[in-house]
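Below is one structure; the comments refer to it alone.
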Amino acid sequence: MDVEQLIKKFQVKNSSEQDLVVLSGVHTIGLAHCLLFWKRIYNESDNLEPKFAQSKQRECPLVGGDDNLSPLEFSTPTLFDNRFYIGLLQKQGLLHSDVALLASNSTLDKVIEYANNQTKYFIYFPISMVKMGAIGVLTGKNSVIRRNCHLV
C-alpha cells in the first residue's frame, strides 16, 4: 500500500496524516513473522542498509524461515522510543507501510521531526492512541458487555 492509500484509510476513520505517522512509530517495539517482510529483504535489498538486510536475511532464511520472528526495529527492539523513525531514515524499515512514510514530503517531514525529537513523539503518541481507541466504539443498544473478553 502506498502512502496516499494509507492516508486515505486513516482519513476514512477521521484520523490525520499525523496520526498515521505517530501510530506507525509503535513499530519501535514488537516482532513480525519473516513471511511479512521476506520479499523486502531479498528483492528490495538495494533500498535497505546492507548490514541491516544481512542481519534480517540470517534471521529469515530463503527456505524454512517464514514463521521465524524478527524485531521490527533493529537497535532497541524492546524499548518504546523514537528509534523506529531514526531507523527509517537509515534505510532500516522492514514493512512496506513503514517505508511508504518516506514517499511523501509531509509524512517524511513528520518522520524527521520525530527522529530528531523523542519528546515530541511521546507527546503526540498518547493523543493519537486515544483517538484510535475511540474508532468504532459501540454504545447504547449496539454495545456488548462481555463476561469473558476472549469470547465474541
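In this text, all values refer to a predicted model and were calculated from it rather than measured experimentally.
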*Do S75 and E73 have side-chain atoms, one donor and one acceptor, less than 3.5 Å apart?*
yes
_Any heavy-atom pair between the side chains of S55 and F74 that's under 4.5 Å?_
yes
_Could you measure the distance from the NZ atom of K131 to the CG atom of L23? Nearest 0.5 Å is fine._
9.5 Å
*Are Y114 and K120 close enough that some pair of their side-chain heavy atoms sits under 4.5 Å apart?*
yes
*Side chain of E44, backbone of K39: donor and acceptor closer than 3.5 Å?*
no
*Could you grab the distance from atom CG of D98 to atom CZ of F84, nearest 0.5 Å is fine?*
3.5 Å
*asked:* With clusters defined by side-chain heavy atoms of hydrophobic residues (ILVMFWY) lying less than 4.5 Å apart, directly or transitively, does V26 cluster with V111?
replied: yes
*Looking at Q57 and I41, what are the two nearest heavy atoms and their distance?*
NE2-O, 2.6 Å
*Do S24 side-chain atoms and L20 backbone N/O form a donor-acceptor pair below 3.5 Å?*
yes
*Inter-residue atom distance H96.NE2 - N47.CG, 0.5 Å rounding*: 8.5 Å
*asked:* Pair T107, I7 - check side-chain contact (heavy atoms from CB on, under 4.5 Å), show working.
replied: CA-CA 9 Å; T107 54; I7 291 168; 4.2 Å; yes
*How many angstroms lie between CD in E4 and NZ in K8, if you round to the nearest 0.5 Å?*
7.0 Å
*Between N117 (side chain) and E113 (backbone), is there a donor-acceptor pair under 3.5 Å?*
no
_On a heavy-atom basis, which atom in F52 and which in G93 lie closest, and how many Å separate them?_
CE2-N, 4.3 Å
*asked:* Would D109 and S106 count as a side chain to side chain donor-acceptor pair (under 3.5 Å) here? Give the steps.
replied: CA-CA 5 Å; D109 288 347; S106 58; over 6 Å; no
*Which atom pair, heavy atoms only, marks the closest approach of A32 to L36?*
CB-CD1, 4.2 Å
_Test item: Y124 side-chain N/O and T119 main-chain N/O as donor-acceptor pair under 3.5 Å_ = no
*Establish whether V12 and V22 are linked, either directly or via other cluster members, by ILVMFWY side-chain heavy-atom contacts under 4.5 Å.*
no
*asked:* Could you check whether any side-chain heavy atom of C34 comes within less than 4.5 Å of a side-chain heavy atom of D66, counting everything from C-beta outward?
replied: no
_When you compare the side chain of L72 with that of L95, does any pair of heavy atoms fall below 4.5 Å?_
yes
*Partner residues of E59 under the salt bridge (charged side-chain N to carboxylate O under 4.0 Å, His left out) criterion, sequence neighbours left out*: K56
*Give a yes or no on whether N43 atom CG has more than 12 heavy-atom contacts from other residues, nucleotides or ligands under 6.0 Å away.*
yes
*Whether S128 side chain and F125 backbone form a donor-acceptor pair below 3.5 Å*: no
*Below 4.5 Å, heavy atoms only, C-beta onward: do H33 and L69 meet side chain to side chain?*
yes
*Kindly indicate whether the side chain of Q92, heavy atoms from C-beta on, has any atom under 4.5 Å from the side chain of E49.*
yes
*Side-chain heavy atoms under 4.5 angstrom apart, residues restricted to Ile, Leu, Val, Met, Phe, Trp, Tyr: same cluster for Y85 and M129?*
yes
*Heavy-atom pair with the smallest gap, counting every atom of I123 and I127*: O-CD1, 3.5 Å
*What distance do K91 atom NZ and L48 atom CG have between them, rounded to the nearest 0.5 Å?*
8.5 Å
*Output field: ring centroids F80/F122 closer than 6.0 Å*: yes
*In terms of hydrophobic clustering (I, L, V, M, F, W, Y; side-chain heavy atoms under 4.5 Å; direct or indirect links), are M1 and L35 co-clustered?*
no
*Are I86 and Y121 grouped together when hydrophobic residues (ILVMFWY) are joined by side-chain heavy atoms under 4.5 angstrom apart?*
no
_Taking G25's backbone N and O only, do any of them form a donor-acceptor pair with T28's side chain (distance below 3.5 Å, no angle check)?_
no
*Considering only heavy atoms from C-beta outward, does the side chain of L94 approach that of R40 to under 4.5 Å?*
no
*Can you find a pair of side-chain heavy atoms, one from I135 and one from S15, that are under 4.5 Å apart?*
yes
*For S104 and V3, which heavy atoms make the closest approach, and how far apart are they?*
CB-CG1, 3.8 Å
*Do the side chain of N82 and the main chain of A115 share a donor and acceptor less than 3.5 angstrom apart?*
yes
*Which value, rounded to the nearest 0.5 Å, describes the distance between I112 atom CD1 and L102 atom CG?*
8.5 Å
